[in-house]
There are 2 protein chains.
Amino acid sequence: MKRKSSHPTLSDVAQRAGVGTTTVSRVINGGKRVSPKTLARIRAIIDQIGYTPNQAARILKGERTRTIGLVIPSIADSFFASCAEAAQRITRAHDSMLVVAVTGNDPHVEMENINALMRHRADGLLLAPANSQNEALAAFLERTPIPVVCIDRPVTHSGVASVGIDNFKGARIAVEHLVGHGYRRILCLGGETTLYTIRERLRGYRQAMTAAGLEPMEDMSVKDYKSAEHAIESHLAATAPPDAIFTVKNSTTIYAFETLQKMRVDIPKTVALLGFDDFELAATLRPSISVVQQPIEDIGRTAAELLFTQLPAEQPQGSSRAKRPAPARKTGPVRLEPLLVLRESCGCARAAL
Amino acid sequence: MKRKSSHPTLSDVAQRAGVGTTTVSRVINGGKRVSPKTLARIRAIIDQIGYTPNQAARILKGERTRTIGLVIPSIADSFFASCAEAAQRITRAHDSMLVVAVTGNDPHVEMENINALMRHRADGLLLAPANSQNEALAAFLERTPIPVVCIDRPVTHSGVASVGIDNFKGARIAVEHLVGHGYRRILCLGGETTLYTIRERLRGYRQAMTAAGLEPMEDMSVKDYKSAEHAIESHLAATAPPDAIFTVKNSTTIYAFETLQKMRVDIPKTVALLGFDDFELAATLRPSISVVQQPIEDIGRTAAELLFTQLPAEQPQGSSRAKRPAPARKTGPVRLEPLLVLRESCGCARAAL
DNA sequence: CTGTTAGCGCATTCAT
DNA sequence: ATGAATGCGCTAACAG
């Protein structure tokens with residue numbers, strides 16, 4: 001293998017070709033106004049020494065970085081992974097790159113990531129804020145010169161656009177459905193009550209319970225399989241055990257299902273189960289699991305499209321950049337519709353197999 | 001909301017503070033050699049106008065970009081998502097960002113992504129090559145000035161390091177296990193035979209079958225649920241139907257399970273099932289699915305660590321960069337061990353519940 | 001068609 | 001403790 005030095009530069013190419021840097025610059029920008037002969041020669045040299053233009057220098061000249069930052073809690077979470085995939089498609093269609101930064105829902109890490117993206121001069125940001133009440137974040141968003149669109153959760157006290165579903169409504173219709181089945185003691189199970197989405201779902205649960213004249217039963221202590229197991233076991237052993245469980249998130253639903261199955265509890269006869277957020281194989285488990293489904297792809301796509309809408313128009317020619325005024329940012333929150341997907345675990349008839 | 005102009009610069013800050021740019025530069029780089037008074041004043045101004053250093057300018061000065069590129073087929077695929085998550089952790093620990101680019105297994109898109117990352121002067125690349133035989137890629141990798149580590153699949157004809165599992169062995173021990181159960185007509189089911197990993201698994205299957213004196217039965221036509229259903233239905237309707245199915249990848253395993261369940265075929269009595277690659281809920285399905293498990297986290301982590309090993313040493317002080325010689329790149333392929341996880345679908349006794 | 005030159009924002013000598 | 005000047009790689013005026 002040959003020894004490799006560091007990146008070649010424009011003038012490296014120019015020197016070898018015995019031409020000026022301008023000519024080489026023209027070649028890498030389409031090759032207009034260059035004689036076919038020198039064009040070919042320079043291209044050959046570029047290829048030979050493996051020259052790649054230094055984006056940093058272009059950025060310094062005021063060009064867009066063609067980079068969008070995506071700041072999310074986790075990339076292994078299927079919700080955010082799907083969002084990312086959808087956003088990535090839109091980003092690509094706009095000839096830009098998506099830079100994914102992971103926060104683990106830690107506001108400190110989040111701010112660090114955002115700062116890094118700002119230093120890299122991302123053209124725009126897609127953000128699933130760890131904490132919707134984060135005032136430092138809100139302050140930052142008010143003054144940042146680039147457009148930002150929130151995903152899944154909004155940032156209160158800020159005029160930033162956001163795209164997500166109506167979590168309150170999703171929970172409400174889910175619980176109303178359980179009530180319609182005749183369940184009276186409906187347990188709401190979950191965790192991470194600091195998250196906006198969870199709080200909204202909890203609010204929807206309470207609203208539906210109260211409206212039905214039922215008393216809310218909440219256990220928001222679930223963090224992992226172990227805590228879910230503990231919670232369910234103790235609730236089922238109580239004098240007035242729940243006859244249905246509404247789980248507020250993906251992972252909780254799965255933990256609950258596993259625990260109930262392990263305890264040999266009949267679903268839905270003994271306890272019905274309805275979860276927020278769909279997941280792979282939800283339809284394949286026995287019984288299949290009824291869920292509130294989010295249009296995840298739509299969320300990622302819509303958010304990214306909205307962001308590009310807020311970006312300064314593409315400069316067809318090199319209009320020297322000056323201070324471009326930030327485009328209007330007054331988009332209100334976009335609320336997509338949750339969808340109640342009825343399968344077996346809530347007590348609905350088994351779908352045709 | 002206040003009107004936002006474009007990014008403030010160092011000299012914007014200097015002007016407002018009535019000092020030189022050098023002083024401001026010192027402030028943002030730790031604030032040494034600046035009087036406490038001006039330090040505080042400048043910091044206040046920085047905060048007030050929301051100044052962020054322009055990374056591009058620093059890069060131009062020769063600094064590392066502190067950016068690692070991750071080029072993968074998909075981000076929604078749980079395998080690559082977990083790899084990404086693990087790699088992201090390592091990257092963060094090295095105070096760098098991970099830039100994720102998605103190829104959809106298209107070599108053309110892949111090359112475009114790599115070029116974009118090169119323009120952005122990523123410090124290094126983690127790559128799951130769409131096509132291991134891609135000679136253009138191999139040629140590129142030979143001449144690129146930055147270190148590259150392949151994930152999951154190697155690039156043949158290149159000295160590039162790679163981290164993955166021994167797919168051949170994984171498939172072999174899986175099939176040997178099925179043979180041990182007494183199955184004779186073991187069908188190998190899957191698709192995407194252009195992928196290196198699939199080919200290796202197929203090779204392992206054939207080897208194990210031949211070694212056992214059995215005749216290989218292969219159907220590599222599965223692309224989606226529909227084709228899986230079609231394949232399985234026709235194989236089961238044949239005169240000599242399979243008594244076991246070995247699925248070469250994640251999604252195929254799930255399709256096969258769903259189809260068999262829909263057809264009311266008893267697993268494992270009528271047909272046993274063993275898949276390559278574990279998945280969430282594999283242990284929760286009834287019957288639970290036996291699989292060959294990959295140490296996914298290890299793969300992502302090891303690859304990222306290996307990459308940082310190959311990066312030039314951290315420059316403690318601003319040692320002017322000159323042409324740093326590329327560090328040694330002679331790392332051979334790292335092959336982690338696949339793990340056979342026995343559950344019920346292969347005919348093993350039900351684990352204690 | 002092609003070359004010369006002047007910055008873009010910043011860190012870094014070298015002066016003061 | 002501070003500042004003026006220089007150059008990183010590149011593009012865009014502006015010559016020739």
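Reckoned from all heavy atoms, side chains included, excluding hydrogens, waters and symmetry mates. Letters A, B, ... mirror the listed sequences (proteins, then strands); counts begin at 1.
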How long is the line joining CG of Asn54(A) and P of dG9(D), in whole Å?
7 Å
Just the rounded figure in Å: distance from P of dT13(C) to CG of Asn29(B).
13 Å
Any side-chain N or O of Ser25(B) under 4.0 Å from OP1/OP2 of dA11(C)?
yes
Is a donor from one side chain sitting under 3.5 angstrom from an acceptor on the other, for Ser25(B) and Thr22(B)?
no
In whole Å, what is the span from the CZ atom of Arg119(B) to the C1' atom of dC10(D)?
14 Å
Interatomic distance where CD1 belongs to Ile59(B) and C1' belongs to dC8(D) [whole Å]
12 Å
Output yes when at least one side-chain N/O atom of Arg58(B) is less than 4.0 Å from OP1 or OP2 of dA11(C), else no.
yes
Any residue meeting side chain to side chain contact (heavy atoms under 4.5 Å, CB included) with Ile28(B), in chain and number order, not counting sequence neighbours
Ile46(B), Tyr51(B), Pro53(B), Arg58(B)
In whole angstrom, give the distance that lies between atom NE2 of His120(B) and atom C1' of dG9(D).
15 Å
Need one value for Arg33(B): base, sugar-phosphate or nothing, where a base atom within 4.0 Å counts as base even if backbone is also close, heavy atoms only.
base
Give a yes or no answer on whether the side chain of Arg153(B) reaches the backbone of Pro129(B) with a donor-acceptor pair at less than 3.5 Å.
yes
Taking only residues two or more places apart in sequence, or in another chain, which ones meet Arg92(A) in a side-chain hydrogen bond (donor to acceptor under 3.5 Å, both in side chains)?
Glu112(B)
Let's see if you can work this out: which of dT11(D), dA5(D), dT2(D) has an atom nearest to the side-chain heavy atoms of Glu63(A)?
dT11(D)
Inter-residue atom distance Ser96(A).OG - Ile68(A).CD1, 0.5 Å rounding
5.5 Å
Side-chain donor/acceptor of Thr22(A) to base of dA12(D), under 3.5 Å:
yes
Determine: side-chain N/O of Ser35(A) to OP1/OP2 of dT2(C), distance under 4.0 Å, yes or no.
yes
What's the closest nucleotide to the Leu10(B) side chain, out of dA1(D), dT11(D), dC10(C)?
dC10(C)
Rounded distance in Å - CG (Leu60(A)) to P (dG7(D))
16 Å
Would you say the side chain of Arg26(A) and the base of dT11(D) hold a donor-acceptor pair, judged only by whether the two atoms sit under 3.5 Å apart?
no
Roughly how many Å is it from CD1 in Ile28(B) to P in dA11(C), rounded to a whole number?
4 Å
Can a donor-acceptor pair be found, under 3.5 Å and without considering hydrogens, that links the side chain of Asp123(A) to the backbone of Arg66(A)?
yes
Using modelled atom types only, decide if a donor and an acceptor are shared between the side chain of Ser132(B) and the backbone of Pro154(B) within a distance under 3.5 Å.
yes
Whole angstrom value for the distance that separates P of dG3(D) from CD of Gln15(B)
13 Å
Distance alone, cut at 3.5 Å: any donor-acceptor contact between the side chains of Glu85(B) and Ser74(A)?
yes
On the nucleotide dC10(C), are OP1 or OP2 found under 4.0 Å from the side-chain N or O atoms that Ser11(B) carries?
no
Angle by which the axis turns from one end of the helix from dC1(C)-dG16(D) to dT16(C)-dA1(D) to the other, five pairs per end, to 10 degrees
40°
Do Lys61(B) and dG7(D) share a donor-acceptor pair, side chain to base, under 3.5 Å?
yes
Among dT2(D), dG3(D), dT11(D), the nucleotide that comes nearest once only the side chain of Val19(B) is considered:
dG3(D)
Assign each of Ala57(B) and Thr23(B) the nucleotide of DNA chain D bearing its closest heavy atom; nearer the 5' end lies the nucleotide of Thr23(B)
Does Thr21(A) put a side-chain nitrogen or oxygen below 4.0 Å from OP1 or OP2 of dT11(D)?
no
Any base atoms under 4.0 Å from Leu39(A), or only sugar-phosphate, or nothing? Heavy atoms, all strands.
nothing
